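Below you'll find the structure, written out as structure tokens, and then a few comments.
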There are 2 protein chains.
Amino acid sequence: MAMDHYTQLCPRFEKAMELLSKRWTALIVFRLLTGPLRFSEIDNSLPNLSGKVLSERLKELEVEGLIRRDVYPEIPVRIEYSLTDKGSALTPLFKDIGQWATEWIVLPSDSETM
Amino acid sequence: MAMDHYTQLCPRFEKAMELLSKRWTALIVFRLLTGPLRFSEIDNSLPNLSGKVLSERLKELEVEGLIRRDVYPEIPVRIEYSLTDKGSALTPLFKDIGQWATEWIVLPSDSETM
DNA sequence: TACACTAAATTACATAAAGTAAGTAGAACA
DNA sequence: TGTTCTACTTACTTTATGTAATTTAGTGTA
């Protein structure tokens with residue numbers, strides 16, 4: 001009698017949510033929207049994200065086909081992460097979040113007027 | 001010299017991401033898109049979500065103004081959670097995820113053909 | 001009064017996920 | 001051999017979440 005309202009509307013949707021709601025995943029994708037980045041660049045651009053978890057997430061995202069890992073045998077080696085088409089296709093999502101945030105998120109600093 | 005590329009583009013966006021990428025939060029909002037639900041209904045509709053965490057999330061979402069908590073003094077008491085305008089405004093977001101999922105998510109069962 | 005019923009929420013405890021800081025891999029070169 | 005560099009990885013600590021039992025609060029009822 002459990003799962004009264006559990007309508008598994010769309011397994012694809014659930015999979016997408018599982019992916020995107022995993023901690024740091026969306027932010028990493030967001031960072032890559034503007035172009036390829038190296039490991040250290042992503043790491044530096046997201047304070048509180050540890051190199052350990054970044055490493056895990058990048059692997060997961062590569063396995064899921066959202067990002068690509070390119071090795072440039074320079075000195076020292078340069079490794080760049082970039083979005084695939086599947087990853088770039090998330091752009092509208094971030095636009096929506098941006099719009100929603102602009103309209104609805106009130107910051108502490110906003111309360112200075114009155 | 002840390003935070004090379006850390007451009008705090010929009011604090012509102014960061015706040016939104018912090019909110020939405022917290023585990024279970026988005027799924028709870030999603031469940032409420034179709035109308036008010038009681039505690040036990042949300043709990044039952046999301047397997048693996050514990051009542052403890054659901055309780056925490058509902059409080060956070062109420063504090064953030066995404067949901068409303070209505071008490072109906074029936075016997076026994078009935079408590080309903082529903083989306084505020086701020087919460088409902090996330091609808092396009094979920095539409096985007098749905099579209100993205102339809103287009104890009106491939107399920108194991110899809111590989112049966114060839 | 002005492003006990004039962006119900007839904008919501010909290011608690012104590014166990015497991016899983018994430019953060020921290022030190023260390024490794026491999027390539028170049030002094 | 002030892003040093004430098006970036007990209008990881010590992011051992012360990014802290015935080016977050018899951019599990020199951022318990023509490024709260026209102027009502028009914030023996």
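Lettering of chains follows the sequences in order, A, B, ..., and the numbering in each one begins at 1. Hydrogens, waters and symmetry mates play no part in the numbers below; they use all other heavy atoms, side chains included. Predicted model, so just to flag it, every value in this text is computed and none were measured.
- Of the candidates D:dC8, C:dG19, C:dA9, the closest approach to any side-chain atom of A:V53 belongs to C:dG19.
- In this structure, of C:dA8, C:dA18, D:dG28, it is D:dG28 that holds the atom nearest to the side chain of B:I75.
- The phosphate of C:dA8 (OP1 or OP2) has a side-chain N or O of B:R38 nearer than 4.0 angstrom.
- Dashed line: the shortest gap from a side-chain N or O of B:S55 to OP1 or OP2 of C:dT10 is under 4.0 Å.
- Listed here is the closest heavy atom pair of B:P92 and A:D96: O-OD2, 3.3 Å.
- Atom CG of A:N48 is separated from atom P of C:dA18 by 14 Å (rounded to the nearest Å).
- One interatomic measurement links the two molecules: CD of A:E41 to P of D:dC5, which rounds to 17 Å at whole-angstrom precision.
- Using a 4.0 Å cut-off, no side-chain N or O of B:Y72 falls inside it from OP1 or OP2 of C:dA8.
- We find that CD1 of A:I79 is positioned 8 Å from C1' of D:dT6, with the value rounded to whole Å.
- Both B:G51 and B:R23 lie near DNA chain C, and the one whose nearest nucleotide falls closer to the 5' end is B:G51.
- Between B:E41 and B:R31 no salt bridge is recorded (no basic side-chain N to carboxylate O distance below 4.0 Å).
- In this structure, CD of B:E56 is placed 12 Å from C1' of D:dT15, rounded to the nearest angstrom.
- Look at A:R78 and you won't find any side-chain N or O under 4.0 angstrom from OP1 or OP2 of D:dC5.
- Salt-bridge annotation for B:R78 and B:E80: present, with a side-chain N of the basic residue lying under 4.0 Å from a carboxylate O of the acidic one.
- Counting only heavy atoms from C-beta on, B:F39 has its side chain closest to C:dA9 among C:dA9, D:dT10, D:dG18.
- For the OP1/OP2 pair of D:dC8 and a distance below 4.0 Å, the side-chain nitrogens and oxygens of A:R69 include at least one atom meeting the criterion.
- Looking at the side chain of A:S50, the nearest of the listed nucleotides D:dC8, C:dA8, C:dG19 is C:dG19.
- Dashed line: the shortest gap from a side-chain N or O of B:K59 to OP1 or OP2 of C:dT10 is under 4.0 Å.
- Using a 4.0 Å cut-off between a side-chain N of Lys or Arg and a carboxylate O of Asp or Glu, A:E64 and A:K15 qualify as a salt bridge.
- Between B:K52 and A:E80, it is A:E80 whose nearest contact on DNA chain D lies nearer the 5' terminus.
- Shortest non-hydrogen contact noted between B:G51 and B:D43 is N-OD1, 3.8 Å.
- In this structure, the nucleotide among C:dA8, D:dT6, D:dA7 sitting nearest to the side chain of A:P76 is D:dT6.
- Ionic pairing of A:K22 and A:E60 is present here: one or more N-O contacts between side-chain nitrogen and carboxylate oxygen are shorter than 4.0 angstrom.
- In this entry the distance linking CZ of B:R57 with C1' of C:dT10 reads 16 Å, nearest Å.
- In this structure, NZ of A:K22 is placed 13 Å from P of D:dT17, rounded to the nearest angstrom.
- Protein atom CG of B:D43 is 15 Å distant from nucleotide atom C1' of C:dT6, rounded to whole Å.
- Atom pair A:E74:CD and C:dA27:P shows a separation of 15 Å (rounding to whole Å applied).
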